[in-house]
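Reviewing the structure listed below.
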Amino acid sequence: MNKQAHLPTVLIVPGLRDHVAGHWQTLLATRLPRVRSVPPMGRENLDCMARVEAIEREAQAIEGPLVIVAHSGGVVMLAHWARYTCRAVRGALLATPPDFETPMPEGYPSLQALRDGGWLPVPMQPLPFPGIVAASRNDPLARSERVEAMARQWRCRLVDLGDAGHLNPASGYGEWPRAEALITELAEASQADRQAQQEKSHDQGHPLP
């Protein structure tokens with residue numbers, strides 16, 4: 001059996017940025033065996049639905065199991081996308097989500113611009129797939145208490161990164177090796193859950209399709 005065929009493809013969802021060669025998501029994409037990326041769309045066009053549609057196009061183009069790695073505004077995009085898609089997702093790594101419902105520092109979109117673009121309110125219902133929220137204690141775009149509340153409402157496990165800023169090149173990242181360990185954790189945990197469900201169903205005489 002080809003084990004490679006059962007490995008999940010990782011879909012990378014960037015935040016409100018253009019292409020950044022030294023960003024950890026860009027570097028991660030060069031190392032993974034099965035990877036696809038949503039093209040960065042910058043901060044000029046703040047149409048949230050256009051970004052949701054971009055995620056959907058890339059996700060539907062992937063065959064087999066899928067793990068998503070979103071950063072910053074990409075996490076909010078993913079929360080919106082999860083309300084519309086029928087695409088199965090094995091798990092999602094949600095790194096340093098911003099608090100779009102609180103005014104952000106100068107240089108970032110205003111609350112009115114985000115509202116006009118369809119970002120607000122940020123969906124807070126439980127995600128339909130397992131998730132890990134990687135949170136920084138000194139993120140300039142979200143207080144740690146707000147990120148903890150997001151993780152609870154999305155029913156995701158919270159991972160404390162310590163003082164990691166916004167987990168971007170301005171904060172010293174660069175490489176973020178822990179991403180690969182968290183991706184593996186999501187992929188293996190979900191696979192184990194699937195196998196347990198199959199075994200339970202088989203024991204009850206109702207095999208899963």
Would you say the side-chain atoms of R87 pair up with the backbone N or O of Q60, donor to acceptor, closer than 3.5 Å?
-> no
Got P130 and R157 here, is their nearest side-chain heavy-atom distance under 4.5 Å?
-> no
Donor-acceptor under 3.5 Å (R51 side chain, L16 main chain) = no
Answer whether the closest heavy-atom distance between the side chains of L94 and M150 falls below 4.5 Å.
-> no
Okay, side chain of W119, backbone of L46: is any donor-acceptor separation there less than 3.5 Å?
-> yes
Would you say E63 has more than 12 foreign heavy atoms packed within less than 6.0 Å of its CD?
-> no
Identify which one of S72, P14, S37, P40 satisfies the side chain to side chain contact (heavy atoms under 4.5 Å, CB included) criterion when paired with Q25.
-> P14
Got V122 and L120 here, is their nearest side-chain heavy-atom distance under 4.5 Å?
-> yes
Quick check: does any side chain N or O of W81 sit under 3.5 Å from a backbone N or O of A54, one acting as donor and the other as acceptor?
-> no
Donor-acceptor pair, side chain of H80 and main chain of M49, under 3.5 angstrom = no
Same cluster for M41 and V76 if Ile/Leu/Val/Met/Phe/Trp/Tyr side chains link at under 4.5 Å?
-> no
Do you reckon W176 sits in the same ILVMFWY cluster as V20, going by side-chain contacts under 4.5 Å, direct or chained?
-> no
Is there side-chain contact between E180 and V10, with at least one heavy-atom pair below 4.5 Å?
-> no
Is the CD atom of E145 crowded by more than 12 outside heavy atoms at less than 6.0 Å?
-> yes
Between the main-chain N or O of R137 and the side-chain N or O of S144, is there a donor-acceptor pair closer than 3.5 Å?
-> no
Any donor and acceptor pair, going by atom type alone, linking the side chain of R34 with main-chain N or O of L7 inside 3.5 Å?
-> yes
Does a side-chain heavy-atom distance below 4.5 Å link L186 with I132?
-> yes
Please answer whether the main-chain N or O of L158 pairs with a side-chain N or O of E148 as donor and acceptor at a distance below 3.5 Å.
-> no
Any idea how H166 and H71 line up, ring-wise: parallel (<30°), tilted (30 to 60°), or perpendicular (>60°)?
-> tilted
Donor-acceptor under 3.5 Å (N168 side chain, Y173 main chain) = no
